[in-house]
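Everything on this sheet refers to the single structure shown next.
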Amino acid sequence: TQLLEQSPQFLSIQEGENLTVYCNSSSVFSSLQWYRQEPGEGPVLLVTVVTGGEVKKLKRLTFQFGDARKDSSLHITAAQPGDTGLYLCAGSYNQGGKLIFGQGTELSVKP
Amino acid sequence: KAGVTQTPRYLIKTRGQQVTLSCSPISGHRSVSWYQQTPGQGLQFLFEYFSETQRNKGNFPGRFSGRQFSNSRSEMNVSTLELGDSALYLCASSLNSRGADTQYFGPGTRLTVL
């Protein structure tokens with residue numbers, strides 16, 4: 001059972017364009033994390049959001065946690081080829097270290 | 001500080017064999033979680049160990065097992081390998097066993113079952 005729906009699954013854009021990745025669930029999470037994974041590597045944490053309505057910015061990346069803590073979005077402004085990779089959202093129910101992952105968004109930014 | 005290390009990085013086995021994968025967490029981290037990553041199912045939680053005790057378990061058959069040692073290093077074992085067990089196995093460590101704790105992932109072990 002996929003508890004976290006992530007969309008789109010694939011995204012191919014030109015350098016300089018903006019994009020948004022969505023992560024939705026019918027469940028309430030105690031926190032939600034976004035990761036980026038490159039081929040041959042493990043996921044690397046980008047941000048953790050905990051409070052409903054929270055917005056966090058990391059340079060050109062903006063993360064938002066929904067008011068009801070059931071959904072989240074990642075917005076990238078002026079994408080660059082270095083942003084290419086697999087973006088994963090992961091929710092926690094506060095059951096220790098167990099994370100529920102979305103299917104991932106494969107982003108390709110062409111120069 | 002050294003990151004999470006996993007050995008071996010690549011492994012090829014045949015059906016019916018068993019395999020043991022190793023994970024060394026970041027120094028001072030007491031929680032180790034294991035995940036299976038496949039193209040079809042994505043990242044799925046296997047289990048978590050904290051202070052040598054299994055804290056959480058995912059929906060995997062009993063062929064998948066693990067343990068944690070007193071130095072927090074962890075191993076996972078898969079017995080009677082099946083073709084569908086081919087995957088990237090990732091371990092992640094965190095300081096404690098709280099949902100909001102940052103989990104740091106290792107590079108993974110790529111297991112191929114022939």
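Within every chain, numbering begins at 1; the chains are lettered A, B, ... in the order of the sequence lines, protein sequences first and strands thereafter. Quick note: numbers below take in every heavy atom, side chains included, and nothing from hydrogens, waters or symmetry partners.
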Given that the side chain runs from C-beta out, which part of A:Leu32 has a heavy atom under 4.5 Å from chain B: side chain, backbone, both or neither?
->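 Neither part.
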
Is it the backbone or the side chain of A:Tyr35 that comes under 4.5 Å from a heavy atom of chain B, or both, or neither?
->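 When you check distances to chain B, only side chain atoms of A:Tyr35 fall under 4.5 Å.
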
Does any N or O in the side chain of A:Gln103 come within less than 3.5 Å of the main-chain N or O of B:Gly40, such that one atom is a donor and the other an acceptor?
->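 Checked: pair present.
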
Is there a donor-acceptor pair under 3.5 Å between the side chain of A:Arg60 and the backbone N or O of A:Thr77?
->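 Yes; judged by distance alone, with no hydrogens or angles, the pair exists.
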
Got a salt bridge between [X] and [Y], using NZ or NE/NH1/NH2 to carboxylate O under 4.0 Å?
| X | Y | result |
| --- | --- | --- |
| B:Arg63 | B:Glu82 | yes |
| A:Asp83 | A:Arg36 | no |
| B:Arg67 | B:Glu75 | yes |

Measuring heavy-atom distances to chain A, does [X] have an atom under 4.5 Å in its side chain, in its backbone, in both, or in neither?
| X | answer |
| --- | --- |
| B:Leu43 | both |
| B:Gln37 | side chain |
| B:Leu46 | neither |
| B:Arg110 | neither |
| B:Tyr35 | side chain |

I would like to know whether B:Tyr49 and B:Phe47 meet ring-ring contact (aromatic ring centres under 6.0 Å, His included); could you show each step before the answer?
-> CA-CA 7 Å; B:Tyr49 285 86; B:Phe47 29 66; 5.7 Å; yes

